Amino acid sequence: MVKGYWVSAYRTITDPEKLAAYNKLAGPAVKAAGGQSLARGGRVVAYDAGIAERTVLIEFDSFEQAVAAHASTAYQEALAALADGVERDFRIIEGLD
């Protein structure tokens, strides 16, 4: 089965408290949905139009599982806590065979 990934590249963090509230809710929501954090907030080197800000990579057993995790009630609650606290580029991508 082809894996699914969440890729979040943060452009700006305007409210660290909202980000902390989101992290408190998002971690358990992702884990409950079968996600595994591969990278979260470590060192970043950006090239081209990239911004060297917080980057997160989460792996799921399938693309469908990754999409369902984003739609879950628990993760939607985390997003509500985040609100306008950050500007980020969030994508769900399908891995390779």
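All figures in this text were calculated on a predicted structure; none of them were measured in a lab.
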Please list every donor-acceptor pair under 3.5 Å in which a side-chain atom of residues 29-40 meets a protein atom from a residue at least two apart or in another chain.
none

Mind listing the side-chain donor-acceptor pairs of residues 41-62 below 3.5 Å, one per line with the distance, residues two or more places apart or on another chain?
from: T55; atom 1: OG1; to: E53; atom 2: O; distance (Å): 3.2
from: E59; atom 1: OE2; to: Y5; atom 2: OH; distance (Å): 2.9
from: S62; atom 1: OG; to: Q65; atom 2: N; distance (Å): 3.0

Could you list the donor-acceptor pairs under 3.5 angstrom formed between side-chain atoms of residues 79-92 and any protein atom two or more places apart in sequence or on another chain?
from: D84; atom 1: OD1; to: K18; atom 2: NZ; distance (Å): 2.5
from: R88; atom 1: NH1; to: Y10; atom 2: OH; distance (Å): 3.3
from: R88; atom 1: NH1; to: Y22; atom 2: OH; distance (Å): 3.3
from: R88; atom 1: NH2; to: Y75; atom 2: OH; distance (Å): 3.0
from: D89; atom 1: OD1; to: R91; atom 2: NE; distance (Å): 3.0
from: D89; atom 1: OD2; to: R91; atom 2: NE; distance (Å): 3.2
from: D89; atom 1: OD2; to: R91; atom 2: NH2; distance (Å): 3.1

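Cluster membership check: L25 does not share its hydrophobic cluster with L19, using side-chain heavy-atom separations under 4.5 Å among Ile, Leu, Val, Met, Phe, Trp and Tyr.
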